[in-house]
Amino acid sequence: MAEKKTLTVKLVRSVAGTRESHRATVRGLGLRKLNSESTLEDTPAVRGMVNKVSYLVKVL
């Protein structure tokens with residue numbers, strides 16, 4: 001069975017002062033504090049979430 005592709009995202013900007021939906025998206029990605037990292041399965045849904053908050057996160 002093929003190994004699943006993953007993305008590692010890191011929160012590089014503060015969510016303070018951002019839209020509530022963007023804050024919820026960051027939490028949905030599993031990111032809490034600044035510089036926290038999360039490894040997620042590479043799916044269209046996750047890519048869409050990363051795209052929505054691309055100004056806050058960095059894909060490693």
Side-chain angles (χ1 to χ4, degrees):
M1 198 163 149
E3 190 174 328
K4 299 206 183 254
K5 303 277 186 181
T6 60
L7 289 175
T8 302
V9 291
K10 180 176 184 177
L11 186 62
V12 294
R13 290 192 57 188
S14 173
V15 295
T18 60
R19 293 179 175 207
E20 183 61 41
S21 65
H22 290 203
R23 278 181 257 160
T25 301
V26 168
R27 291 291 296 124
L29 288 170
L31 302 170
R32 291 174 179 261
K33 297 181 177 181
L34 209 54
N35 294 316
S36 64
E37 293 182 9
S38 182
T39 302
L40 306 157
E41 191 175 332
D42 188 6
T43 64
V46 169
R47 287 205 175 226
M49 292 169 75
V50 169
N51 191 48
K52 182 176 179 178
V53 293
S54 61
Y55 66 102
L56 297 173
V57 299
K58 182 177 187 178
V59 178
L60 305 175

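This chain uses plain numbering: 1 for the first residue, then up along the sequence. All values derive from a computational prediction rather than experimental measurement.
One distance of note links CG of L29 with CE of M49; it measures 4.0 Å at 0.5 Å rounding. Taken to the nearest 0.5 Å, the NE2 atom of H22 stands 9.0 Å off from the OG atom of S54. To the nearest 0.5 Å, the span separating NZ on K58 from OG1 on T8 amounts to 12.5 Å. The CG atom of L7 sits 10.0 Å away from the CG atom of L60 when rounded to the nearest 0.5 Å.
Connection of V12 to V59 is not established within any shared hydrophobic cluster, with ILVMFWY side chains joined at heavy-atom distances below 4.5 Å, either directly or through further cluster members.
Annotation for L11 and L56: closest pair CD1-O, 3.6 Å, computed over non-hydrogen atoms. In terms of heavy atoms, L31 sits closest to V57 at CD1-CG1, 3.8 Å.
Listed by chain and residue number, nothing satisfies the salt bridge (Lys or Arg N to Asp or Glu O under 4.0 Å) test with R13 (two or more places apart in sequence, or in another chain).
Between the T6 side chain and the T39 main chain, no donor and acceptor come within less than 3.5 Å of each other.
Residues V15 and R27 fail the side-chain proximity criterion, which asks for heavy atoms closer than 4.5 Å.
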